[in-house]
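Notes follow the structure.
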Amino acid sequence: MRLHNDLTRTLEPFTPLVPGRVTFYNCGPTVYDRIHIGNARNLVVADTLRRYLRYKGYQVTFVQNFTDVDDKIIRRARQLGIGERELADQMITEYFQDADALGVERADVHPRVTDHIPEIIEHIAALEALGFAYVIPGDGVYYRVTRKPDYGKLSNRNLAELQAGARVEVSAQKEHPMDFALWKFQKEDEIAWDSPWGKGRPGWHIECSVMARRYLGDTLDIHAGGEDLIFPHHENEIAQSEPVTGRPLARFWIHNGMLTVGGTKMSKSEGNFWYLRDVLQRYSGEVVRFYLLSAHYRKPLEWSDDLVAAAKSGLERLHNAVHNLRHLARTAERAEASDQERDLLADLIARFRQRFQEAMDDDLNTALAQAVLFDLATECNRRIGPGASRALAEEALALFRELGGVLGLLGSALAEEESLDAEIERLIALRQAARKARNFAEADRIRDQLRAMGIILEDTPTGVRWRRA
RNA sequence: GGUGGGAUGGCGAAGUGGUAACGCAGCGGUCUGCAAAACCGUUAUGCGCGGGUUCGAAUCCCGCUCCCACCUCCA
């Protein structure tokens, strides 16, 4: 598999440090609010990469943090009149509801900053001992960027360039404008912990350095996040980690592109964002996930209702193919596959599994992988019809399950049949009787009635088939 | 000012040297009692513009135009 490594800005063959095992850290949300659809893209991309690596046979250890203390959390908690921990707890609960809807699996560890204060202090002390930290009284402990000759290697810029375009407020007391806080001293009655430098709380970047190391070791195989985290967040993580461990923080840096609205980046500060929760009122998590994977992860992706609606139609095509196969499996008169069917199946599996893997191996080309699923659907629709054996239909379904599962899609369509309630069963039977009596007006009336109840009927050569709208 | 990314049919989106995937939308047809679903056909002689290299370029080179992101919190 090849992945685009943002550290080298090239496509590189991916191999983990320890054969067969992958350590993977994704920068998780700051839990001061519900996540928006842009956050969702990062979650889905990281989750999909994780699933694919597992599919390839790697044992993946996936860690994603919660940033549960920062300015925004403190401000929000005050507005609401609750504690920071309480707010964070609430938002973490909300987070899991949203992530679950998207089919994003739980990380192996979801560490929280406030549970790792001693390790953070220890790390800052280590930096200080190495001459990478200094105190600004009344302000905080700062990182000394000029002490790191390769500072800027991830974002591909040097201190002179950074300084030239700096929009950051330059504190008169900072040695360099790019120096950043490792520890912020307590102001007023802000939440704070004791430290050798005084009461305060961690700076933004230090948490990831510390928690990634705590759970995954000095060097991660993959560190992911949104591309807007490249600078300063990930640059600063590297700056903090590498002097202490003496090792590269991560071997592969993977960043997803931004979601856009009207061509410009979606962001909380701009206000042009949609909460995932609200989007999920209109579209299923699967539709959202499918849309988020419909473009390559490193490209910007426009978010609009029309585009998502079109994706929903496309996904329905895959669902229909699955429903067709399930109906065939259910109604098949023959259990065992014929020789001819076995050949067909072997051909389908060989071709589509390979094409799918080639797509995913090429820097996680999920758009192409989806196209493979569409082609598979067409092939199944064309070549597996009435008269097919149950074995053939079920094996084709297994292929959908395998490939769809890597993308985190099609789970519900493939799931065991929920039973219809008796009233609906009765209406379907009534309509069948009406059709048999060639009372089509009555049959159509019942079909419309069921349609209004969210049940779509389709008459096939092997009997009536229903699906949910 | 610096650093990157991008412009592909009506819409979205793959494709980085061999003659334009895939999805949506549209149109025509087959099937159907009618539908739905599905299938078949059809919709870019051309991939921002102008040059160049090559037997051959959306893909490489040069120039130009426009757009976006990052350099501040952001996924």
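Residue numbering restarts at 1 for every chain, and letters A, B, ... go by the order of the sequence lines.
For A:D459 and B:C34, a side-chain-to-base donor-acceptor distance below 3.5 Å is present, hydrogens and geometry of angles not being considered. For A:D444 against B:G33, a side-chain N or O and a base N or O form a donor-acceptor pair under 3.5 Å. Below the 3.5 angstrom threshold, one finds a donor paired with an acceptor across the side chain of A:R447 and the base of B:C34.
The side chain of A:A310 lies closest to B:C24 when the candidates are B:C24, B:C22, B:A36. Looking at the side chain of A:S313, the nearest of the listed nucleotides B:C22, B:A75, B:C24 is B:C24. Of all nucleotides listed (B:C22, B:C39, B:A75), B:C22 comes nearest to the side chain of A:F374. Of all nucleotides listed (B:A38, B:A69, B:C39), B:A38 comes nearest to the side chain of A:N324. Distances from the side chain of A:N381 to the nucleotides B:A37, B:A14, B:C39 place B:C39 closest.
Atom CE in A:M258 sits roughly 11 Å away from atom P in B:A69 (whole-Å rounding).
For the pair A:D179 and A:K174, the salt-bridge criterion is not met [side-chain N within less than 4.0 Å of a carboxylate O].
Phosphate contact (OP1/OP2 of B:G4, side-chain N/O of A:R9, threshold under 4.0 Å): absent. Applying the 4.0 Å criterion to OP1 and OP2 of B:U32, one finds that A:R435 has every side-chain N and O outside that range.
Pairing partner, B:G23: B:C11, with both Watson-Crick or wobble hydrogen-bond distances short of 3.5 Å.
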